[in-house]
Amino acid sequence: MRPPWQPLPLPRLLRPLLLGIAFFLSCITTPTLVRACTTILATPGSTVDGSTLNSHSNDGEGTVDPRLVRIAAADHEPNSLRDIFFAYEEYPRYIGYSRNVSEYFPSKDQTPFAPIGRIPQVPHTFAYFEETYGVINEKQVSIAESTCSGVFGAKPAGQGGKAIMSVDTLSQLAMERAATAREAVQIMGDLAVKYGFYGAGSFEGTAESLLVGDPNEGWVFHILPDDTGTSAIWVAQKVPDGHVTIVANMFIIREVNLADSENFLGSPNMFSIAQSKGWWTPGSKFDFTAIFSDGEYAHKFYTGRRIWRAYDILAPSSKFPTTYKDIRYSSPYPFSIAPDTKVELATVMAIMRDSLEGTPFDMTAGLAAGPFGSPDRWIGGDGESKVAGNWERPIALFRTSDSYVAQSRKWLPAQVGGLVWFGPHGAHATVYVPFAIGMQDLPPAYKIGNPSKLDRRSAYWAHRYVENLANLRWSDMIKDIRAQSSKWEETSKALVGKVDQIGLKDPKKMTDLYIANANGVIKSWWKLADDLMEKYADGNVYGKPVGYPAWWLQAAILAHPPVVGYPNGPPPVPSTAMQMFNRKHRGRKELKPQEALVS
Ligand SMILES: *[C@@H]1O[C@H](CO)[C@@H](O)[C@H](O)[C@H]1NC(C)=O
């Protein structure tokens with residue numbers, strides 16, 4: 001997911017000054033933080049079952065289209081053209097007939113999108129799932145997206161520029177055309193060079209990264225516009241088998257060796273452009289990230305903390321540093337790592353759900369988490385403009401529209417083996433449910449979801465509802481939620497084992513079984529919302545007042561002396577029967593005031 005559209009690039013020297021002005025202006029108008037996504041790829045040699053796991057969280061601002069849809073395979077007439085649309089990521093992400101997806105057909109008050117370009121179509125396109133980006137296709141090629149900063153920006157065609165390829169469109173074209181991850185990378189790179197790539201902004205979000213997996217291998221793909229705004233610069237590096245990698249809103253590919261085509265692919269213009277700008281001289285080390293990345297966006301550790309955390313979970317023995325000077329140049333974390341123990345599907349899900357628990361940066365601890373340890377840190381409001389500072393950036397966020405783990409399993413027929421474990425809304429309170437790429441349809445609940453209109457038929461809304469409710473008393477309610485999500489994920493794993501045996505013979509049955517499972521989740525999630533309300537309403541647990549933790553009441557005096565707070569709140573009543581009652585009985589036994597008077 002990319003940040004909101006921002007003005008176009010300016011000469012590098014002007015940037016600090018203009019950034020300062022822009023920041024000042026943004027503070028007094030609409031404060032805008034950068035929003036973004038986290039991606040993790042585990043190669044077959046790094047996982048317990050030998051599958052490739054490719055994970056993405058789509059972290060917007062509560063306006064991103066959360067729908068998962070299936071695009072059918074199709075044959076195309078010779079000389080036909082494929083329409084290219086502007087990447088509009090908010091709801092609805094696309095309206096029209098051109099893409100032949102019934103969920104995108106216009107309703108009577110909607111106008112179909114006009115294409116911003118057309119490219120030659122291929123004779124046959126593969127079936128795939130997509131959310132904002134392509135997810136997995138019927139060859140088990142998977143994609144996970146994360147927006148990055150870049151040194152060049154470009155405007156799209158129709159908005160003053162020439163470029164027609166967004167990362168959204170590239171990911172769709174890769175799904176439609178590629179049978180392997182390597183092919184996907186080459187196809188996307190070539191199309192972007194030919195038709196021009198545009199990102200979202202200038203200071204941040206002009207560049208993109210995709211993790212691309214297939215049953216046998218995984219690649220990291222980075223792309224940004226070239227210096228003319230009409231082409232692209234791109235590079236891709238294969239993730240060593242046995243390794244896991246994470247991209248979190250910043251490039252990670254360092255030294256590039258295009259002569260090693262087994263492990264590197266890319267556009268040769270990277271060298272000539274870097275040289276012409278005086279950023280590189282032939283013979284010296286070519287560090288793609290140092291040259292073309294604009295570093296971390298939003299704040300220091302915005303990227304590095306997530307890499308550190310994922311690596312710390314996967315390989316605690318590595319003991320990577322938690323700090324560094326400038327990640328763009330100092331490269332404190334490797335491109336990929338071998339995990340200490342082989343990775344389970346559940347390991348990746350746990351990383352996606354992570355809020356830095358148990359680390360010095362724990363989002364669920366301390367006063368900022370409130371009395372009930374919520375990891376959520378809302379955005380906007382006058383706080384952002386009046387108080388300088390930043391929150392830590394955990395992997396799981398409340399403002400995620402959806403996250404998933406795509407799984408490619410080489411020992412199974414692709415239609416059955418290619419799965420997406422799809423989790424609506426924030427990963428920390430979601431249920432990941434499996435859908436196989438050979439399914440004939442998806443459950444309606446996952447195909448609908450307007451983020452600005454509560455809809456009880458929508459999977460997104462069911463999960464958004466429960467996650468928000470959990471902020472009443474996160475520390476307890478998240479346990480109830482996790483108990484349910486674990487239960488459903490275990491059930492789902494067992495179901496996958498069963499469907500694997502029959503899916504190829506009976507795609508209809510496979511479709512029905514996976515849909516029934518997902519429908520069960522949505523039904524139970526609305527029930528969970530009611531159960532949580534019943535259990536925790538008004539600061540109670542099942543009708544018993546449980547109040548606030550002592551540490552928080554004590555902390556309140558430090559945060560707000562001397563007016564509000566508990567220890568320094570109004571004094572006890574003067575010595576009366578009621579006070580004696582309070583001293584004697586409070587917290588022990590419920591007595592009526594009349595009883596207190598006689599005690
Ligand atoms: C549109 O998609 C449907 C399946 O959803 C398919 O049957 C039909 O052939 C497609 N039409 C074209 C023109 O590709």
Side-chain angles (χ1 to χ4, degrees), residues 65-85 87-88 91-108 110-143 164 168-179 184 187 191 402 404 406 413-416 418-420 422 433-450 457-459 499 503-516 518-519:
D65 189 335
R67 295 175 294 171
L68 181 72
V69 302
R70 183 174 189 276
I71 284 84
D75 293 314
H76 307 279
E77 297 295 323
N79 304 319
S80 55
L81 296 171
R82 202 263 194 211
D83 288 342
I84 304 297
F85 297 93
Y88 184 72
Y91 181 91
R93 66 175 78 105
Y94 167 70
I95 301 167
Y97 295 102
S98 168
R99 299 199 58 214
N100 192 26
V101 179
S102 59
E103 289 77 22
Y104 297 155
F105 292 169
S107 59
K108 45 185 183 314
Q110 287 177 327
T111 313
F113 287 12
I116 60 168
R118 291 193 172 86
I119 66 168
Q121 183 56 289
V122 290
H124 181 78
T125 47
F126 300 131
Y128 60 105
F129 292 140
E130 76 172 16
E131 36 101 89
T132 303
Y133 315 95
V135 174
I136 188 167
N137 75 4
E138 61 177 305
K139 298 292 175 185
Q140 304 201 60
V141 176
S142 67
I143 280 187
I164 62 168
D168 314 47
T169 300
L170 289 174
S171 73
Q172 293 162 5
L173 291 166
M175 293 284 103
E176 289 165 17
R177 300 175 179 206
I187 287 168
L191 288 169
D402 61 275
Y404 61 78
Q415 301 283 332
V416 177
L419 294 179
V420 58
F422 189 80
V433 294
F435 301 122
I437 188 62
M439 286 168 69
Q440 295 159 330
D441 202 356
L442 285 166
Y446 288 76
K447 298 193 289 185
I448 54 180
N450 178 348
R457 299 167 305 165
S458 157
V499 175
L504 197 62
K505 284 192 296 272
D506 196 346
K508 164 99 176 45
K509 181 128 193 242
M510 171 164 79
T511 306
D512 292 347
L513 286 170
Y514 281 140
I515 288 182
N519 287 345

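Residue numbers run from 1 in the order of the sequence given. For ligands, and for the atoms within them, numbers begin at 1 and follow the listed sequence. Just so it is clear, the model here is predicted, and its values are computed rather than measured. Heavy-atom basis, side chains included; hydrogens, waters and symmetry copies ignored.
In this model, no donor atom of one side chain and acceptor atom of the other lie less than 3.5 Å apart for Glu77 and Ser80.
Side-chain contact check for Gln440 versus Met510: every heavy-atom pair is 4.5 Å or farther apart.
Atom 2 (O) of ligand 1 is approached by the protein to below 4.0 angstrom, counting heavy atoms only. Checking atom 14 (O) of ligand 1 against the protein gives a heavy-atom contact under 4.0 Å.
With respect to atom 10 (C) of ligand 1, the closest heavy atom belonging to the protein is Asn100 ND2, 2.3 Å. Ranking protein heavy atoms by distance to atom 5 (O) of ligand 1, first place goes to Ala72 CB, 4.1 Å.
Of all the heavy atoms in Ile116 and Phe85, the pair that sits closest is CG1-C, 4.0 Å.
More than 12 heavy atoms of other residues, nucleotides or ligands lie within 6.0 Å of CG in Asp75, so this atom counts as buried by the packing criterion.
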